[in-house]
Number of protein chains: 2
Amino acid sequence: MNDKKPAASQRAGKEAKRAVTVTDIAQAVGVSRATVSLVLRGSPLVNVDTRAKVEAELRRQRYVYNRTAANLRRRTSSSIALVINDLSNPFFAEFASGVDEALGEKGYVTLLGSTSESPARQQAVLSTLMEHTPTGFILSPAEGSDTQALRQVLGVNANVLLFNRELEGADWDFLTMDNQNGAYLATRHLIEQGHRDIAFFGGHAASSSCHQRRIGYQRALSEAGLDLRQDWLIESAPNRLEAAARTGELFEGGQRPSAAVCYNDTVALGLMLGLTSRGIRPGADFAVTGFDDISEASVAVPPLTTLTADPRERGRQAASLLLQRLDNPDAAPMRVVAPVQLRVRESSAALPR
Amino acid sequence: MNDKKPAASQRAGKEAKRAVTVTDIAQAVGVSRATVSLVLRGSPLVNVDTRAKVEAELRRQRYVYNRTAANLRRRTSSSIALVINDLSNPFFAEFASGVDEALGEKGYVTLLGSTSESPARQQAVLSTLMEHTPTGFILSPAEGSDTQALRQVLGVNANVLLFNRELEGADWDFLTMDNQNGAYLATRHLIEQGHRDIAFFGGHAASSSCHQRRIGYQRALSEAGLDLRQDWLIESAPNRLEAAARTGELFEGGQRPSAAVCYNDTVALGLMLGLTSRGIRPGADFAVTGFDDISEASVAVPPLTTLTADPRERGRQAASLLLQRLDNPDAAPMRVVAPVQLRVRESSAALPR
DNA sequence: CTGAAAGCGCTTACAG
DNA sequence: CTGAAAGCGCTTACAG
């Protein structure tokens, strides 16, 4: 039990008006509660007339099915918990929207949780959600999550689908963008535009997605016979402010890059800010690519070349993978890599020589 | 009961591993279930030693509190339903984020629902959510919602907070941006920039927020001694595409406006697109203002002058208002107007004469 | 085809 | 301070 949290309030009214129950309906019609229950669950066993009478009474009394009670008795659940870092990130908002949509179609309700990238809050949120007995979890783990601690709070046999961030030693299902290929595509695109001095900008090297993206970047470089320079691997928290602040690090060495593959769109937008404030025009003097295709990417100045993963569709996919898992609890963990497409815009134009 | 929806799956494993219950703990320790329950709920009645033994056993068996069972018995609920049109709208995503954050702090869990602006889907979603017995609803109604139908599905004594869209004949609590004052501020700002021919562009006149905004617009005009022209009141669905398509309607009359107060940012962004495609440069040849300050507003070309309402803070406020209502079910309906601030950017520059 | 009984996991008077 | 009993609203064998 969670001892920090107070709450849980009485239903409206001093003396909570009792809701209409199967008992009320049964009495009114003159049948047993079992019969009412069978009608509710659409059993074919019930006599047509009995069914009709019960259904009429159900409507008359405006009966509302109490699914939580039914779930308790049946030892099932009709909810799924969706836990993400931050709904105000448009990528995750789209994702959440897709999850909720797909779950709703299957009769599940979505329990929401957000962690603000804090592993501690994540533990607290998951623990609270567990008390509501969701059938499963769709979790985009906070950076720095501890797999052990997660397993602890989620229990051994929980149905969990990890999204976006891989976890050391976790044997849960995992859905990820094709980070490596995405960064590869972006880098190759820049090379095709004539760039030879290309940095990789932003993200935390420790995070699995940043790691994957750097590998793709590296692969494209080496395929083109270009050297990888350690001083052009620049880390930054994935927010605009820090990215802008770290812009200078690109130009500290003797040789200066003419382009940067950025960890994601937010970082790329920050970098463009940083460039502009130095009098370097993104898209004209310096090429930039992002990752995610958030809605701001297309309206940025210049519009941002990026990789699109269709987050809403990823959400639907995540939901569907989790539901598959429910039907098949003993199957081996799945690892699904969703494809990613390059969206070329003006931020990655060829530079005049 | 909802007859369209199937679903609700067994817990993991062919034969669902029984979860650890108070009974298990009670047996292991050699006390009654009542005592375990008292320990769980932190009752001071329990002997210190007994408590310690129970708590140790709770940890040892990794007991997880089943709050849904407790809620059933106590006739309470610890969830609140949040129903919005579209999570992928950044304004609502921020709002949802604030709601969830504030509810979480009070020990509530958020049930998510989205309607895609469809009243029919809204009914279905609300009906499903009702079966999960949430304590209350935070609802941003779909356009064209039927108050009667809503009251029907939500029941008489439901705790409901309406957000953003007023509903004819509804006596639920209502939280709204200051639409009227916002549009007034935007219009006055354009007048101060030297504009005298100002249109109001976008939104459905039937929607309450559009209606309010038009009133504010009108008030600013009349204060400045400017005439209201019916042909400069142009409707458009609040999406970018339709707004862009309707751009032409601004220039059909003899006299052409030099500026437009737009229903919201999305419409303004669409209008800017429409202007550009006609060779009219927004911010240089034609001034534009929006409403909402979505994240794209600041990175648009040119950056969009708009009204900011701090949607995350509105979310927190909505949560807090609903919780107030729970404590005070018999108070009169509240009507709360949240202030709105003008954010001046380049899209509303003074035009060269 | 229908009903009586037991039970999901918890809590709450009521005794003692 | 602790336990026995009843019950939240539902469902599920089991009889008949």
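In the text below, chain A, chain B and the rest are named by the order of the sequence lines, each starting its count at 1. Keep in mind that the numbers below use all heavy atoms, side chains included, and drop hydrogens, waters and symmetry copies.
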Check nucleotides 6-8 of chain C against the protein and report each pair of N or O atoms closer than 3.5 Å, with its distance, or say if there are none.
unit_1: C/dG7; atom_1: N2; unit_2: A/R73; atom_2: NE; d: 3.1
unit_1: C/dG7; atom_1: N2; unit_2: A/R73; atom_2: NH1; d: 3.4
unit_1: C/dG7; atom_1: N3; unit_2: A/R73; atom_2: NE; d: 3.4
unit_1: C/dC8; atom_1: O3'; unit_2: A/R75; atom_2: NE; d: 3.4
unit_1: C/dC8; atom_1: O2; unit_2: A/R73; atom_2: N; d: 3.1

All N/O pairs under 3.5 Å across the protein-nucleotides 14-16 of chain C interface:
none

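Side-chain atoms of B/T115 and B/N85 form a donor-acceptor pair, as typed in the model, at a separation below 3.5 Å. Between the side chains of A/R312 and A/S97, a donor-acceptor pair is found at a separation under 3.5 Å. Inspection of the A/Q148 and A/Q152 side chains reveals no N or O donor paired with an N or O acceptor under 3.5 Å.
Shown here are the salt bridge (charged side-chain N to carboxylate O under 4.0 Å, His left out) partners of B/D146, two or more places apart in sequence or in another chain: there are none. Partners of B/R73 under the salt bridge (charged side-chain N to carboxylate O under 4.0 Å, His left out) rule, at least two apart in sequence or in another chain, do not exist in this structure. Annotation: salt bridge (charged side-chain N to carboxylate O under 4.0 Å, His left out) contacts of A/R325 (sequence neighbours excluded): A/D173.
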Can you run through DNA chain D from 5' to 3' and write each base as (, ), [, ], | or . depending on how it pairs? Watson-Crick or G-U wobble, both distances under 3.5 Å.
|||.||||||||.|||
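Per the geometry, CD belonging to B/E131 stands 16 Å off P belonging to D/dG9, to the nearest Å. Straight-line distance from the CZ atom of B/R41 to the C1' atom of C/dA13: 14 Å, rounded to whole Å. Rounded to whole Å, the distance from CD1 on B/I25 to P on C/dT11 is 13 Å. C/dG9 atom P lies 13 Å from atom CD of B/Q61, rounded to whole Å. The nearest whole Å value for the distance from the CD atom in B/Q27 to the P atom in C/dG9 is 12 Å. Here the P atom of nucleotide C/dG9 and the CE atom of A/M130 are 14 Å apart, to the nearest Å. The distance from atom CG of A/N47 to atom C1' of C/dC1 is 7 Å, rounded to the nearest whole Å. Here the C1' atom of nucleotide D/dT2 and the CG atom of B/L38 are 9 Å apart, to the nearest Å.
For D/dG3, one of the phosphate oxygens OP1 or OP2 lies less than 4.0 angstrom from a side-chain nitrogen or oxygen of B/T35. OP1 or OP2 of C/dT2 has not a single side-chain nitrogen or oxygen of A/S32 nearer than 4.0 Å.
Considering only heavy atoms from C-beta on, B/V22 comes within 4.5 Å of B/Y63 through its side chain. Using a 4.5 Å heavy-atom threshold, the side chains of B/N159 and B/W172 count as separate.
We find that A/D171 and A/R151 are joined by a salt bridge, their nearest charged nitrogen and carboxylate oxygen being less than 4.0 Å apart. Between A/R316 and A/D100, no side-chain nitrogen of the basic residue sits less than 4.0 Å from a carboxylate oxygen of the acidic one, so the salt-bridge criterion is not met.
Nearest nucleotide to the side chain of B/T50, out of D/dA4, D/dT2, D/dG9: D/dT2. Comparing D/dT11, C/dG3, D/dC1 by their closest approach to the side chain of A/A34 singles out C/dG3.
Across all strands shown, B/T68 has no heavy atoms under 4.0 Å from either base or sugar-phosphate atoms.
Residue A/F137 is tested with A/L126, A/L111, A/I80 for a side chain to side chain contact (heavy atoms under 4.5 Å, CB included); the sole match is A/L126.
A/T128 places a side-chain N or O within donor-acceptor distance of the main-chain N or O of A/A124, the cut-off being under 3.5 Å.
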